[in-house]
Number of protein chains: 2
Amino acid sequence: MSPTLKDVSRLAGVSTATVSRFINGSHQLSEGTALRVQRAIDELGFRPNSLGRSLKTASSKSIGVVIPTLSNPVFAEAVSGITAVASDSDYSIMVTATEYSQDQELKVVNSLLDRQVDGLILTVTNANNSPALDMLEAESVPYVLIYNQATLNNRPVVTIDNVVAGREVAFRLEELGHQHFAMLSGNLHSSDRAAARYQGFVQGLAELGFDAPLIQEIEFSQPNTSAAIRELFADPLQRPTALFCSNDLFAIAAIGALRELGLKVPEDVSVVGFDGITVGSLVQPKLTTVVQPSTEMGAVAAKELINTICGEAPQSPLVLPHKVREGESTGPAGKHEPVALQEPNPTKFFPKETL
Amino acid sequence: MSPTLKDVSRLAGVSTATVSRFINGSHQLSEGTALRVQRAIDELGFRPNSLGRSLKTASSKSIGVVIPTLSNPVFAEAVSGITAVASDSDYSIMVTATEYSQDQELKVVNSLLDRQVDGLILTVTNANNSPALDMLEAESVPYVLIYNQATLNNRPVVTIDNVVAGREVAFRLEELGHQHFAMLSGNLHSSDRAAARYQGFVQGLAELGFDAPLIQEIEFSQPNTSAAIRELFADPLQRPTALFCSNDLFAIAAIGALRELGLKVPEDVSVVGFDGITVGSLVQPKLTTVVQPSTEMGAVAAKELINTICGEAPQSPLVLPHKVREGESTGPAGKHEPVALQEPNPTKFFPKETL
DNA sequence: TTGTGTCATGTAAACGATTACATAGTGAAA
DNA sequence: TTTCACTATGTAATCGTTTACATGACACAA
């Protein structure tokens, strides 16, 4: 067994209280005692048991993180931001992924509460209707949402404005001369973000005088991107020239699927992603996308949460700025002449450099 | 304050022992008592405090995970595998990233031990020389390595054979007719995996009668891929036609950098990655790569660790199978006629007319 | 001298659970 | 009836800390 406070106190010839004071940096210790305690600690290799401490102080110094998945780097990035801030304040984090399932949300939140986390940072399916959040409210456990669309009921959240971003995408694509739009989105009811982005896109298009775009929803977990793309681009007379994807992973997959159909990006179809994950700017063509400040979002949320845990009033909702990063996957609308699908393209174009 | 066992026992009119027995599913309870206890629990919304339990049982039911970074999806995947197995056995995980720093390794391991994790799963810089591992051995805390190259001193590890894999890449490229090889690798002393892959590559090439390849090492955290690639492909007479990258992220970036130099993949240069991350098969061209069973690796490691925690003897080292996934980033060696490199940044060069 | 304030330290009661041991009640075997 | 085995439950110690309160020593002022 590892040595305890008691062992140390015995060896140093003092009481446990004195050792505890030493560990916690009380300056009410005589030099001699401090020295003896330090020696005893070193000799035994004593390491304070944080369970005992947490039990007594009723603070575990740990925070739970609940995200849809670690497979999407956008969430991994946020976790990095959280970790950085948390470990500065000596908090540990417990990460769990829900794979976009509401049942899982409730389960993991329960499990984290059992574990006595001091607070949670989470991205839920739908911030306006979430049993998990209701439970947190009921038990008045501090929490902060990230990524979720800022909600009506004023829940603490650090996010961007997905609706505005979606709208901007519409305007940007229209500027490039596009007139036929489509959206490839994760299940709208599995993600309030996706829904908000779609809503903004529709709204923007409406303002510009266009009908709602074609939309295909795919599963987050097992997305059948090829099928969805084939569906969207099936009708040669109504073929979109601009495709907005609800996240970068989908966008990258979509570009591949379009290529398989013999459609070139951006010559035949412009593609816009969402998130701004790192690989997006590594792939060819470089992805045009709406960049979220993921690391910052995580960091800010962690600060917010820790403040709340410490009893300060939360500042949120906090809306961070996003920006559109121009890549090579978008370009001016072509003449939109129907191209037969599946046909190999003999001529090779290089993507136009954006200025 | 949330209700405790005592509150429940009081409300149910029984002793705390009885409530505890009920919670832990002892079958020595009369039906009537069980019912009353259940009602009391429901009425109070009682949630057992796992700190108290852990303190008493000396088992926190949590495991620490230490990986270089969450930014590389390969590690995120492993974490998913770990999570799945862990939560099945009711373990929570605490994830920390070291950003490839040995100092950080020691720090986070210390912090996790303070937190009384029952064991750890980690990927360290160098499994043969790791203060963090030494500390774990010294305190005889159960742990399992993943990704790390199986070590001489027989540490518990679940991994693939990086040397063999590197060798296979050499053979595969030679089969395609390549004769000039290069390697783009993360800092060899920051990653025993990278070192092993390089070693295998060199070994394979030697067996085939080739000299050691050109190599450029880059930082994991702030990799300057473009510069490294420019360096490797600078000499028109010695220009490689085959490039092996120590991970997929580097490979994807390398393909972009090559393109900026006016070199086409796979026509001018074949590129092979390592890891088998999902995006690798989404990008264009699809990446040829050595696929590690990351999720499985995490899962197996978690099982191993939990077994060890439960007192069973570990099975490791365990070497899982890898496989080479043929993509579109490799092809037969071209005629290898020197192509003038394109200046990546056109604004730096004055047009010929002005010279 | 006595009183008072400060300082360094000790004593012991928590925190919320688990569990060895004790006990009382029951029914059946002797 | 006594005894025994069992079952259902209670009592109380314990896990490793923290911390309110108590204590004793000392210095200094009155």
Side-chain angles (χ1 to χ4, degrees), chain A residues 1-38 40-41 44-62 90 92 111 113-118 139, chain B residues 1-41 44-62 90 92 111 113-118 139 141:
Chain A
M1 278 312 290
S2 44
T4 73
L5 240 190
K6 215 183 222 163
D7 299 325
V8 175
S9 72
R10 200 151 29 212
L11 181 60
V14 298
S15 74
T16 60
T18 302
V19 180
S20 174
R21 290 193 188 101
F22 176 80
I23 294 170
N24 295 302
S26 162
H27 33 272
Q28 299 216 127
L29 285 190
S30 81
E31 240 175 272
T33 314
L35 210 73
R36 266 182 337 205
V37 171
Q38 179 66 66
I41 287 179
L44 294 174
F46 170 70
R47 171 193 302 289
N49 181 327
S50 70
L51 292 177
R53 168 178 300 170
S54 293
L55 182 57
K56 181 64 191 174
T57 61
S59 134
S60 65
K61 280 286 199 175
S62 71
D90 224 46
S92 290
S111 138
L113 289 182
D114 285 350
R115 287 273 183 333
Q116 304 295 119
V117 293
D118 292 339
E139 312 216 357
Chain B
M1 280 310 290
S2 44
T4 73
L5 240 189
K6 214 183 221 162
D7 299 325
V8 175
S9 72
R10 203 155 23 217
L11 181 60
V14 297
S15 73
T16 62
T18 301
V19 179
S20 174
R21 290 193 188 102
F22 175 81
I23 293 170
N24 296 301
S26 162
H27 34 272
Q28 301 215 126
L29 287 190
S30 79
E31 243 174 88
T33 314
L35 211 73
R36 265 182 338 204
V37 171
Q38 178 66 67
R39 257 205 295 266
I41 288 178
L44 294 174
F46 169 70
R47 171 192 304 288
N49 181 327
S50 71
L51 293 177
R53 167 179 300 170
S54 293
L55 182 57
K56 179 66 190 172
T57 61
S59 135
S60 66
K61 280 285 199 174
S62 70
D90 226 45
S92 290
S111 138
L113 289 181
D114 285 350
R115 287 275 187 323
Q116 304 294 119
V117 292
D118 293 339
E139 311 216 359
V141 177

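Please read all numbers here as calculations on a predicted model, not as lab measurements. A, B, ... follow the sequence lines: proteins, then strands. Residue 1 opens every chain.
To the nearest 0.5 angstrom, Asp114(B) atom CG is 10.5 Å from Leu51(A) atom CG. Expressed to the nearest 0.5 Å, how far CG of Leu55(B) lies from NZ of Lys56(A) amounts to 12.5 Å. Here the CG-CD1 distance, from Leu5(B) to Ile41(B), works out to 8.0 Å after rounding to the nearest 0.5 Å. In this structure, CD in Gln116(B) is found 8.0 Å from CZ in Arg47(A), a value given to the nearest 0.5 Å.
Counting non-hydrogen atoms under 4.0 angstrom, Gly13(B) reaches the backbone sugars and phosphates but no base. Among the atoms of the strands shown, base atoms are found under 4.0 Å from some heavy atom of Leu5(A).
Taking atom CG of residue Leu29(B) and atom P of nucleotide dT7(D), one finds them 13 Å apart after rounding to whole Å. The separation between Arg21(B) atom CZ and dA17(C) atom P is 16 Å, rounded to whole Å. In this structure, the CZ atom of Phe22(A) is 18 Å from the C1' atom of dG10(C), given to the nearest Å. Atoms NZ (Lys61(A)) and P (dC15(C)) sit 22 Å apart, rounded to a whole Å. In this structure, Arg115(B) atom CZ and dG16(D) atom P are separated by 18 Å, rounded to whole Å. In this structure, Arg10(B) places its CZ atom 16 Å from C1' of dG10(D), rounding to the nearest Å. Between the C1' atom of dC15(D) and the NZ atom of Lys56(B) lies a distance of 6 Å, rounded to the nearest Å. Distance Asn24(A) CG to dT9(C) P: 16 Å, rounded to the nearest Å.
Residues forming a side chain to side chain donor-acceptor pair (under 3.5 Å) with Ser9(A) (at least two apart in sequence, or on another chain): none.
The phosphate of dG16(D) has neither OP1 nor OP2 within less than 4.0 Å of any side-chain N or O from Arg53(A). In terms of phosphate contacts, Ser54(B) brings no side-chain nitrogen or oxygen within less than 4.0 Å of OP1 or OP2 of dA17(C). Remark: Ser20(B) is in phosphate contact with dT18(C), judged by side-chain N or O atoms under 4.0 Å from OP1 or OP2. The shortest distance between the side-chain N/O atoms of Thr4(A) and the OP1/OP2 oxygens of dG16(D) is not below 4.0 Å.
Looking at the side chain of Leu55(B), the nearest of the listed nucleotides dG16(D), dT11(C), dT18(C) is dG16(D). Of all nucleotides listed (dT9(C), dA17(C), dG10(D)), dT9(C) comes nearest to the side chain of Thr18(A). Listed candidates were dT11(D), dT9(C), dT18(D). Nearest to the side chain of Thr57(A) is dT18(D).
A heavy atom lying under 4.0 Å from DNA chain D marks the following residues of residues 44-52 of chain A, by number: Phe46(A), Arg47(A), Pro48(A), Asn49(A), Gly52(A).
Put simply, the side chain of Leu35(B) does not reach to within 4.5 Å of the side chain of Gln38(B), judged on heavy atoms. Using a 4.5 Å heavy-atom threshold, the side chains of Arg53(A) and Lys61(A) count as separate.
In this structure, Ala17(B) and Ala17(A) both approach DNA chain D, and ranking their closest nucleotides by distance from the 5' end singles out Ala17(B).
Evaluated for a side chain to side chain donor-acceptor pair (under 3.5 Å) with Arg115(B), the options Ser92(A), Ser50(A), Ser62(A) yield exactly one hit, Ser92(A).
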